[in-house]
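By convention in this document, chain letters (A, B, ...) are assigned in the order of the sequence lines, proteins followed by strands, and residues within each chain are numbered from 1.
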Number of protein chains: 2
Amino acid sequence: MTDSTERLEDTGYRLTAPRRAVLDAIASINRPFTIEELSEGLPNIGRATVFRTVKLLQELDIVCRVPLEDGSVRYERSRSGRHHHHLICSVCGSVTEFSDPSLDAAIEQNATSASFELESHSAELYGRCDSCRTTS
Amino acid sequence: MTDSTERLEDTGYRLTAPRRAVLDAIASINRPFTIEELSEGLPNIGRATVFRTVKLLQELDIVCRVPLEDGSVRYERSRSGRHHHHLICSVCGSVTEFSDPSLDAAIEQNATSASFELESHSAELYGRCDSCRTTS
DNA sequence: GACCTACTTGACACTAAATATCAATAGAAT
DNA sequence: ATTCTATTGATATTTAGTGTCAAGTAGGTC
């Protein structure tokens with residue numbers, strides 16, 4: 001979170017008390033969260049500000065958007081702060097990041113053969129994580 | 001759409017007038033649509049029915065959900081009716097389906113190495129389609 | 001063809017997620 | 001300390017979708 005505040009400043013954004021509060025709250029949550037959940041834990045911060053801050057943090061790759069299989073959305077602090085994909089457990093809801101250059105290459109290959117100029121992409125994997133798989 | 005009605009019947013769903021109307025409307029739209037747009041073109045059909053029917057058609061792989069980069073969602077008649085991925089043009093909004101076993105394999109490989117039991121996955125490619133790329 | 005019954009519909013209320021507005025507030029540069 | 005502009009909070013509004021339930025109808029049966 002310290003380097004998150006730095007990243008905010010470096011990008012020209014103001015380091016305000018509400019933004020610090022949102023960053024702290026995100027740092028202390030250890031699971032994917034909804035904005036509502038985050039907002040409930042921050043009764044002194046306006047709901048709109050929480051939405052705005054999370055949107056900002058997404059742009060800075062500090063937080064990432066996690067689309068669930070049912071169409072709902074959660075957010076999570078990005079571990080890597082860089083491009084990655086997700087393994088999303090349908091049992092416990094845990095989200096694991098991974099990167100794979102060969103997966104990215106396969107995606108680029110498909111774009112190229114369709115004469116499509118790729119700007120970005122997403123890949124989400126849904127299933128059961130190791131511990132939920134072995135525990136059930 | 002004829003085989004869509006067959007697929008409805010085969011699965012035990014009733015072939016009702018509203019469902020036919022929704023199927024016809026989808027067949028006549030040649031671009032990704034929102035439920036609102038679809039519903040506007042069907043003033044005699046209840047909004048809830050349009051939502052319900054599109055949800056049903058998704059389950060039957062007749063229609064597919066297309067998540068856009070900004071988090072909004074559109075729907076499109078599935079050409080293949082089977083598992084596939086999307087090339088989504090950020091200029092004209094066109095959506096092209098593609099399948100690639102080697103892409104699927106790369107995804108499965110990642111799940112396996114994380115001891116993750118893969119149930120499903122999605123991959124969306126965003127950028128500029130061939131005609132928008134060459135026209136601009 | 002009439003009948004039955006479960007599936008489906010339509011109207012409407014409601015929820016959830018997010019954005020728009022705008023006066024008031026407060027970073028941070030000087 | 002002052003100033004200027006980004007940011008905030010409160011609230012209204014939008015968008016996308018679901019829940020409820022009485023009324024309607026598809027399609028199998030006699």
- Message: Under 4.0 Å, heavy atoms only, any strand: does A:Arg19 hit a base, just the sugar-phosphate, or nothing?
- Response: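 The answer is sugar-phosphate, as A:Arg19 gets under 4.0 Å only of primed atoms, P, OP1 or OP2.
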- Query: Which part of the nucleic acid does B:Asp70 contact within heavy-atom distance under 4.0 Å: base, sugar-phosphate only, or nothing?
  - Reply: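 Answer is nothing: B:Asp70 stays at 4.0 Å or more from every strand.
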- Message: Could you check whether B:Glu97 and B:Ser80, counting side-chain N and O atoms only, form a donor-acceptor pair closer than 3.5 Å?
- Response: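 Distance-only check passes for B:Ser80 and B:Glu97.
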- Taking the six-membered ring for Trp, are B:His83 and B:His121 parallel (under 30°), tilted (30 to 60°) or perpendicular (over 60°)?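 If you compare the ring of B:His83 with that of B:His121, the planes turn out perpendicular.
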- Do the non-hydrogen side-chain atoms of B:Leu103 and A:Leu103 ever get within less than 4.5 Å of each other?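 Yes, side chains in contact.
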- Non-hydrogen side-chain atoms of A:Leu87 and A:Phe98 separated by less than 4.5 Å: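 Side chain of A:Leu87 against side chain of A:Phe98, heavy atoms only: contact under 4.5 Å found.
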Between atom [atom1] in [X] and atom [atom2] in [N], what is the gap in whole Å?
X: A:Arg20; N: C:dA28; atom1: CZ; atom2: P; answer: 8 Å
X: A:Asp10; N: C:dA28; atom1: CG; atom2: P; answer: 12 Å
X: A:Leu8; N: D:dT7; atom1: CG; atom2: P; answer: 9 Å
X: B:Asn44; N: D:dG24; atom1: CG; atom2: C1'; answer: 16 Å
X: B:Phe51; N: C:dC14; atom1: CZ; atom2: C1'; answer: 14 Å
X: A:Leu15; N: D:dA6; atom1: CG; atom2: C1'; answer: 13 Å
X: A:Glu9; N: C:dA28; atom1: CD; atom2: C1'; answer: 10 Å
X: A:Leu56; N: D:dT7; atom1: CG; atom2: P; answer: 8 Å

For residues 56-70 of chain A, please give each side-chain donor-acceptor pair under 3.5 Å, one per line with the distance, not counting sequence neighbours.
{"residue": "A:Glu69", "atom": "OE2", "partner": "B:Ser120", "partner atom": "OG", "Å": "2.4"}
{"residue": "A:Asp70", "atom": "OD1", "partner": "A:Ser72", "partner atom": "N", "Å": "2.8"}
{"residue": "A:Asp70", "atom": "OD1", "partner": "A:Ser72", "partner atom": "OG", "Å": "2.7"}

Side chain of [X], heavy atoms from C-beta onward: which of [options] has the nearest atom to it?
X: A:Ala48; options: D:dG17, D:dG19, D:dT11; value: D:dT11
X: A:Ile35; options: D:dG17, C:dT19, C:dA18; value: C:dA18
X: B:Thr49; options: C:dT9, D:dA16, D:dT7; value: C:dT9

- Task: Kindly say whether A:Ile35 contributes a backbone atom to a donor-acceptor pair with the side chain of A:Ser39 at under 3.5 angstrom?
- Result: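 No, the answer is negative, given that no donor and acceptor are paired below the 3.5 Å cut-off.
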- Want to settle it: does B:Thr16 or B:Ser72 sit nearer the 5' end of DNA chain D, counting the closest nucleotide to each?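 Closer to the 5' end of DNA chain D: B:Ser72.
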- Angle by which the axis turns from one end of the helix from C:dG1-D:dC30 to C:dT30-D:dA1 to the other, five pairs per end, to 10 degrees: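 Rounded value for the end-axis angle: 40°.
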- Base C:dG10 paired with B:Arg47 side chain (donor-acceptor, <3.5 Å):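 Checked by distance alone, the answer is no.
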- Message: For a quick check, tell me whether the side chain of A:Arg14 and the base of C:dA28 share a donor-acceptor pair closer than 3.5 Å.
- Response: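 Donor-acceptor pair under 3.5 Å: no.
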Donor-acceptor pairs are to be reported for all side-chain atoms of residues 8-18 of chain B against protein atoms at under 3.5 Å, with residues two or more places apart or in another chain.
{"residue": "B:Thr11", "atom": "OG1", "partner": "B:Arg7", "partner atom": "O", "Å": "2.2"}
{"residue": "B:Thr16", "atom": "OG1", "partner": "B:Arg19", "partner atom": "N", "Å": "3.3"}

- Query: Would you say A:Tyr75 reaches C:dA18's phosphate, i.e. side-chain N/O to OP1/OP2 under 4.0 Å?
  - Reply: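 Result: yes.
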